[in-house]
Structure formats: structure tokens, C-alpha cells
Amino acid sequence: MNETNETQKASAPIVSGGRADPANPRPLVELAHVDKHYGRLHVLKDINLQVCQGEVLVVVGPSGSGKSTMCRTINRLESIDSGVIRIDGELLPQEGKDLARLRAEVGMVFQSFNLFANKTILDNVTLAPIKVRHMPRKDAEDLAMDLLARVGVESQAQKMPSQLSGGQQQRVAIARALAMKPKIMLFDEPTSALDPEMVNEVLDVMVELAQEGMTMICVTHEMGFARKAADRIVFMADGQILEEGRPDEFFDHPKSGRAKEFLSKILTH
Ligand SMILES: Nc1ncnc2c1ncn2[C@@H]1O[C@H](COP(=O)(O)OP(=O)(O)OP(=O)(O)O)[C@@H](O)[C@H]1O
Ligand SMILES: [Mg+2]
């Protein structure tokens with residue numbers, strides 16, 4: 001059997017809360033006047049951004065523009081020098097239990113899958129719900145199997161990560177993040193380390209999540225995905241948000257010279 005073609009099982013939606021109410025948008029992520037330096041490098045410059053419930057934001061921009069750093073500040077994997085970040089209205093705490101609690105609201109999927117190599121796929125997905133959410137093992141396993149089915153890898157549950165393809169591992173990483181029932185999912189170039197034939201199986205899962213109403217911030221160079229799934233595109237360069245707009249506006253009518261130059265480079269490859 002070609003396991004990468006396993007069909008995704010239909011079951012109850014993963015996303016609680018459902019689609020945003022357009023008449024009453026609720027900001028789930030807010031960055032206000034966020035600045036950050038790495039030594040003398042001013043890596044985030046007065047970043048102001050709100051992402052509302054159910055919104056899918058795609059962040060694009062040249063290498064080194066601060067996209068990953070911005071994502072990492074949102075669950076405080078990186079500190080900021082000034083400004084404020086709120087998650088669902090709550091200020092992001094500096095440390096301690098409150099930080100752990102808010103961090104659990106934000107699922108993160110990176111370029112490298114970071115699965116625990118010495119644990120089975122099932123254990124990778126159940127670990128945090130058991131340890132952090134104190135979920136009984138049986139419930140955590142039921143949830144994990146449901147999520148693994150949703151991303152099309154339930155038959156891999158007893159294997160070790162090294163026995164899976166890159167695309168399968170990345171889908172497990174998504175299931176693992178979803179197991180914490182996050183309010184927001186951050187994706188930082190989740191397909192850029194994958195062989196080309198595995199990119200779509202991961203993007204399909206992301207599109208499905210977006211359609212279910214998950215609030216998502218995605219750094220990606222997959223422009224097909226961006227056009228299809230994004231509600232809004234943010235273009236970053238040199239640590240600043242230079243443009244933001246609907247995908248058709250941004251791709252068809254970029255305003256700044258930097259965005260035009262960036263798009264001409266990526267779209268010609
Ligand atoms: N831990 C760090 N210490 C010092 N400088 C860093 C650190 N992390 C990133 N930088 C620098 O900060 C800038 C922004 O990096 P970042 O990784 O956020 O960019 P990016 O837009 O995600 O780029 P890419 O598209 O290549 O992933 C770069 O100049 C980078 O070299
Ligand atoms: Mg990056």
C-alpha cells in the first residue's frame with residue numbers, strides 16, 4: 001500500500017469555536033509596537049499585527065527579514081525588547097506557570113519535525129496531553145489516534161519516527177501540536193525541508209485545518225497555498241511589515257518595490 005496516499009478520515013472537526021464571526025472579530029494574537037534586537041541587529045522593528053479568530057495569515061518575505069523571529073516571539077521562544085504581545089486578550093507572561101499555560105494555546109510546527117526519535121508515533125502525540133494537560137492515558141491515546149487518522153497516518157502509530165517519510169513525520173508533528181487543542185497554530189516553513197512529492201500531503205492538511213476555522217499564522221513560500229488558504233498576506237522585509245492585504249491584492253498588485261522584487265524572484269522559479 002502506498003501509505004502517503006492514505007485517505008484522511010472524516011470525523012468531528014478538530015477546531016473548537018468554529019469560524020470567526022465577521023461582524024465581531026476577536027483578536028487571538030496581538031502584537032503592538034514590538035521591537036527586538038540581536039546585539040546590534042534590529043531584527044523586529046515596531047511590529048503591529050492582529051490575527052483574529054478563524055483568520056489564516058500567511059507571512060512572506062526575503063530570507064533574514066525576521067519571519068521566524070516574529071513567530072518565535074508569539075510563544076515566547078524569543079523575548080522582546082519592547083512592545084506587547086497578547087494571546088486571546090492576555091498579556092504574554094515573562095515566565096512561570098502562566099507562560100506554560102498560554103504557550104499551550106499556541107501550537108507550533110517547524111521546518112524540522114523535531115519528533116522524539118526514541119518514542120513511537122503514538123507516544124509522540126500523547127506525551128504533552130498526558131504530561132501538560134494531565135489527560136488520562138486512554139483518553140490521550142483515543143485523541144491521538146483520531147488526530148493521526150485526520151492527518152492520514154494512523155497506520156503508523158506504533159512505528160518510530162525514523163521509519164516514516166518526511167511528509168508523514170511532518171503530519172505527525174501537526175497532529176502532535178493539535179493534541180494540545182491550541183487556539184492558534186503557527187507554521188514556520190513546514191514544507192521547506194520536504195521532498196517535492198511530499199509537500200502537497202502536508203499542505204492539504206493545512207488547507208483542511210484552515211477550512212475548519214483554525215486560526216493560523218503560516219510562514220511559507222508555497223504561493224499556491226497562500227492564494228488558496230490565506231485570508232491575508234503579510235510581507236516582511238528588514239524586520240518590518242511593509243505590506244499587508246488580501247492574497248489577490250498582494251500577488252497581483254504589490255505596492256512596494258521590495259514586494260515586487262521579492263515576488264518576481266520567487267515566481268520565476
Ligand atoms: N539567535 C540569533 N542570534 C543572532 N541573530 C539571529 C538569531 N536568529 C536570527 N538571527 C538573525 O535575525 C535576522 C532574522 O532572522 P529570521 O530567522 O527571523 O529570518 P527569516 O525571515 O525567518 O529568514 P528565513 O527566510 O531565512 O527563514 C537574520 O539576520 C538572522 O541572521
Ligand atoms: Mg525563517
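As the structure lists them, so they are numbered: ligands from 1, and atoms in each ligand from 1.
Ligand 1 lies under 4.0 Å from heavy atoms of Y38, L41, V43, P62, S63, G64, S65, G66, K67, S68, T69, E189.
Checked for salt-bridge contact, D88 and K183 meet the test: a charged N lies under 4.0 Å from a carboxylate O. Checked for salt-bridge contact, R150 and D146 miss the test: no charged N lies under 4.0 Å from a carboxylate O. In summary, K228 and E222 do not engage in a salt bridge, as defined by a charged side-chain N under 4.0 Å from a carboxylate O. With respect to E249 and R246, a salt bridge is recorded, a charged nitrogen being found less than 4.0 Å from a carboxylate O.
Metal site remark for the Mg ion (ligand 2): T69 contributes no N, O or S atom at a distance under 2.8 Å.
Within the 3.5 Å criterion, the main-chain N or O of F116 finds a donor-acceptor partner in the side chain of N124.
With hydrogens and angles left out, the side-chain atoms of S256 and E243 include a donor and acceptor closer than 3.5 Å.
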